[in-house]
Amino acid sequence: MAELLAKTDGDVSLYQHCVDVLRLGHILAERLGLDGPTAQRALLACALHDIGKATESFQAYLRGEKGQGDYHALASFLILLVLERRLLNHTGERVPGEFVASAAVLSHHSPLHPSLYESAAPIRYHPNIRAVLEELLGALADHGIVVSKLSEEDWRRIETMARRPAYVLHGTSGRSEADPLLEWFRVLDRRRFGQVKAVLHLADWLASGNASVDSYVAAEPVPCAASVRAQLRHRIRPFQAKSAALGDRSVLYLQAPTGVGKTEAALLWAGSPHRLIYLLPTQATTNAMWCRLRRLLGENRVGLAHGHSVLELRSAHERSNGNRPFTIDDWLFDSVFARPVTVATLDQYLLAHLHGRHWEVRLTLSRSATVIVDEVHAYEPYTLGILAAALETDPPKRLAVLSATLPSVLRERLPAGVLLQADDALWRQRRHRLRLCDGGIAEMLDPIVDAARHGQRVLVVVNTVREAQELFDKFRSRALDIPVTLLHSRFTQHDRRPKEDMLRHAPAGSVLIATQVVEVSLDISYDVLFTELAPLDAIVQRMGRVNRYGEKDYARVWVCTDVSERSRRLYGEEVLRRSRHLLEAVGTEPDQADLRNAVDELYGHVAATQAWISAFEEGRQLVDDLHRILGTFTVHGNDQDITHRFGTRRGTFTIRVLPDVLREKAMELHESGQTWRIRDLTVPVPYWWTLACPQAFYACEDLKLPVTRLAYCAERGLRDVAEDQGVELEAVFL
C-alpha cells in the first residue's frame, strides 16, 4: 500500500492524500450545510476521487519512469460507478442521489461536456489497488458511511469497463437503450451535483496546497458591521443606522447620493455573515474596493476575482509574503469565491450561473452568501436580464442592491425587497451649479484652461476614446504648462494602473480627460466638470466625481450639448434629446432628489421601449436555455452554438492584443519565465478591427498572442484603427 503514490514528489501516499481530502470534505460539508444524503455522496467522492491513480502507468509516471499515465479521474470513476450503488446510511438503507459522486469524480479535472474522454485508452489497475480501496472504505466507515466491499464479480465488471472506458461514457448504457451514460449525468440534480463537486474540489485543493480550511470556508463569521462601527465611531448617519436595523431582511435596495456612505450602510446591514460577495461593474472599481475592504476587514479575509485579478493578487502577495513563491492556489481560491469575503466583477458571479469553468464551486458558495450588487445602474438590459434570472433560479442567502440612481422600474424586475433611501437632508444637498452649452466640448478649451490656471482640479468627460484622444492632443498643443492626464479603456493595465492611482490624488491646477471609465464607483472628487451630453444617469454619475463630499458650496458643471455622430449612434438620438430636456427642467442648481427623480423618469421611458425589453428578456432567456441544454455540463469550446451565445455582456466583442512597440518587453518576460505578466501589456480592442483592417494585426507564435501595428504610447493609449489606418469605419468602441 505504501508504494502507491499520490504526488510526483513522492512525499504523500495515495491513501494519506485521500484520507486528508476526506477529513477536509467532512468539515466543508458541515460548514456549507449539505443535507445528509448529499454530504454522504460528497464524502464518498472525497475518499475515492484519486483511487484511479492506482494504475500501473500512472504510478510509473509519478515515479518519473515514463509517460503521463492513464486518465486517473476516469479510472477512479469506473470504481465509483460500482460502489455508489452500494452506499448505505446508518440504518442500512440506500442513500438517494445515485451517481452524483461518480459524476463529480469523473469531472474533477475535466468538467462534464459531451466529448469528455471520448478517446480514452484501456486502463490497467495496479495489483495493490484492492488493499488501498479496502483501507479507504474503512476510513469512510469511521465517518459513518458504509459501503459494502466489492465482490470478485464486481472487480471483473470494473476490469471489463476498463478495457473500453470511452464506451462506458459514450455507448448506450444510460437511462434507456438509446442514452449514453453522459446524458444520464447531464440531467442529474443540478444543485446536488454542484454541492458534491464543490466539496470535492475545495477539499482536494486545500489538501494539495496544505492550506487551512479556516482561511476559506471559515467557521467564524466576518465582523462587517463591527468593523464599520469601529471605523465610523459616532459618525454613523441615520440611514446607515436604519440599514443595520434591517439586517433581518433577505433583500435590501439601498439608494443614496454618491459619497455619503452606501458601502458602509450595506456592510452594517450585512452584519456578521459567514460569506460575503461584493460585486462591482469594472476591474478598476473592484480593485479599489478590494483594497478598501482588506484594510477594513483584514488582508487574509478578502479575495479578488476578475479577468486580471492574478496580476493584482501576485503583486500583493509579493509585497506581504516574503520569499514564499506565488502559486496557482493563491489565485484559484479567490477566483471561485472561497475567501470569507470576495470582491468581484458582476461578470464573475454571472459566469457561475452560465456554467463557466468551476461553476459548481462558485454557485454553491454564492448560494450560502450575503451578496452585495453595487452600482446596479451601470449594466445594460441584457446583463440585467441575466442577473434577474440568476437571482431567481439560484438566489443567494441575502441580497443588497446599491445605487445612487436606482430606478423604480429596475427594482420591479429584480427580487422583491425593502427600499431604503438616504436621509432627506442628503437628498436636499445642492452640490452643483449646472450650465448647458450649445457648442461642442472642443470649444470649451478656454474655460478648461482658465479653470486649471486658477488652481482647480478639472475633470473633462467625453463619450468615446477617439474623441478623448483628439481633445487630449488639442489641449496639449494649447496649454503645455498645465498637467494633463488621459484615461480610457485602451491603455495597458501597466500604464492604466498608475493613472488611476494618480487621479485619486490629483494636484491643484491639473486636468483629467476621460471617458465613461470614471463614471462608476471611483472615489475621486474634482472641482469642476466639463462633459459631453450623455444619458442622464451617466451625467449624474459624472457629476458625482466633482464636489463628491459637498466640501464646497457648489461645483460648476458644464454640459456640452453638441455631440458627435459617434455619440448619437452610441446612445441614441431620442435618449440624448430626453436627457437634455430633463437637464433643462431641473434648473441650474438641482438638489440630489431632483436628479434622482429625473433619472427615474428617463429610465422609465427607456425601459418601456421594445429594444430595452427585448434585450432584457434575451438575457433572462439565456439562463433558462443554458440550464435546459447543459444541465450539469460546463460550457465547452467545442460546442459552437453554445459558446456563440455564452457571455454576460452584449455589444462589441473584444480581444486583447499586444502593441508591437511592447513586443520586445513581452519577449523578455516570456524568456525569463514571467509569462503571467505579459497580459499586463495587452490592450482590449474590438474583434471587428482585425477583420476590417487585417494589415494592422499579426500573430506572434512565440507569445501565442495577436500583435497590433497600431501606434501606442503610455500618454495617449492605442491609436484608433480608423485614425491610424486612414479609413472611416462605422462601429464605435468605447
Side-chain angles (χ1 to χ4, degrees), residues 222 224 227-228 231-232 254 256-267 270 276-317 319-320 331 334-335 337 339 341-349 371-379 400-404 457 459 461 485 487-489 491-506 512 514-526 538 541-546 548-549 680 684:
V222 182
C224 295
S227 299
V228 170
Q231 181 188 67
L232 295 179
L254 177 58
T258 57
V260 301
K262 287 192 300 296
T263 297
E264 289 80 2
L267 294 175
L276 176 71
I277 301 175
Y278 200 112
L279 304 172
L280 287 152
T282 67
Q283 293 181 11
T285 57
T286 302
N287 290 340
M289 185 61 69
W290 176 60
C291 293
R292 182 177 174 184
L293 293 188
R294 290 179 87 206
R295 291 192 297 269
L296 180 68
L297 302 175
E299 291 186 358
N300 294 330
R301 281 197 180 107
V302 186
L304 178 69
H306 60 65
H308 270 91
S309 60
V310 66
L311 301 171
E312 304 298 327
L313 292 169
R314 185 183 286 264
S315 297
H317 175 90
R319 289 194 299 269
S320 60
W331 164 82
D334 284 42
S335 72
F337 310 155
R339 293 274 184 190
V341 178
T342 301
V343 184
T345 53
L346 180 70
D347 303 83
Q348 298 299 313
Y349 179 76
V371 173
I372 298 174
V373 182
D374 203 351
E375 306 290 4
V376 71
H377 64 274
Y379 303 105
V401 180
L402 284 56
S403 177
R457 294 168 299 168
L459 175 62
V461 186
T485 302
L487 180 65
H488 53 69
S489 61
F491 284 102
T492 67
Q493 284 295 111
H494 179 270
D495 291 332
R496 180 169 168 169
R497 194 176 295 114
K499 291 175 182 288
E500 291 172 347
D501 292 340
M502 179 278 299
L503 62 88
R504 294 183 180 89
H505 309 284
L512 170 65
T515 58
Q516 298 96 317
V517 295
V518 301
E519 287 179 9
V520 182
S521 283
L522 285 181
D523 191 11
I524 60 175
S525 183
Y526 278 66
Q541 290 297 323
R542 296 175 189 184
M543 291 169 66
R545 309 308 140 192
V546 293
R548 181 174 176 82
Y549 308 108
D680 220 14

Any side-chain heavy-atom pair of [X] and [Y] under 4.5 Å:
X	Y	value
L313	W290	yes
V343	L293	yes
T282	V517	no
V222	V341	yes
R292	T263	yes
R545	E519	no
R497	E312	yes

Qualifying residues under ring pair (Phe, Tyr, Trp, His ring centres under 6.0 Å), relative to H377, sequence neighbours excluded
none

Short question: side chain of R457, backbone of S525 - any donor-acceptor pair under 3.5 Å?
yes

Just to verify, what does D495 make a salt bridge (Lys or Arg N to Asp or Glu O under 4.0 Å) with, not counting sequence neighbours?
none

Sequence-distant partners of R301, salt bridge (Lys or Arg N to Asp or Glu O under 4.0 Å), two or more places apart:
none

Separation between [atom1] of [X] and [atom2] of [Y], rounded to the nearest 0.5 Å:
X	Y	atom1	atom2	result
T485	M502	OG1	CE	3.0 Å
L402	L254	CG	CG	4.5 Å
L512	L503	CG	CG	5.5 Å
S227	R295	OG	CZ	13.5 Å
L279	D374	CG	CG	9.0 Å

Using every non-hydrogen atom in the two residues, find where [X] and [Y] come nearest and quote the distance to one decimal.
X	Y	value
A284	E500	CB-OE2, 3.2 Å
L297	C224	CD2-CA, 3.9 Å
F491	R496	CB-CB, 4.0 Å
A266	I372	CB-CD1, 3.8 Å
Y349	V371	CE1-CG2, 4.3 Å
V302	D334	O-OD2, 4.5 Å

My understanding is that only residues two or more places apart in sequence, or in another chain, count here; which of them pass side chain to side chain contact (heavy atoms under 4.5 Å, CB included) with R314?
E318, F326, W676

Quick one: side chain to side chain contact (heavy atoms under 4.5 Å, CB included) partners of A305, sequence neighbours excluded?
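Side chain to side chain contact (heavy atoms under 4.5 Å, CB included) check on A305 returns F337, T342, A344, Q348.
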
Is a donor from one side chain sitting under 3.5 angstrom from an acceptor on the other, for Q283 and H308?
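A pair is found: one side chain offers a donor N or O, the other an acceptor, under 3.5 Å apart.
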
Just one of T345, D347, N287, T285 clears the side chain to side chain donor-acceptor pair (under 3.5 Å) bar with H306, so which one?
N287

Tell me the salt bridge (Lys or Arg N to Asp or Glu O under 4.0 Å) pairs involving residues 277-290, sequence neighbours left out?
none

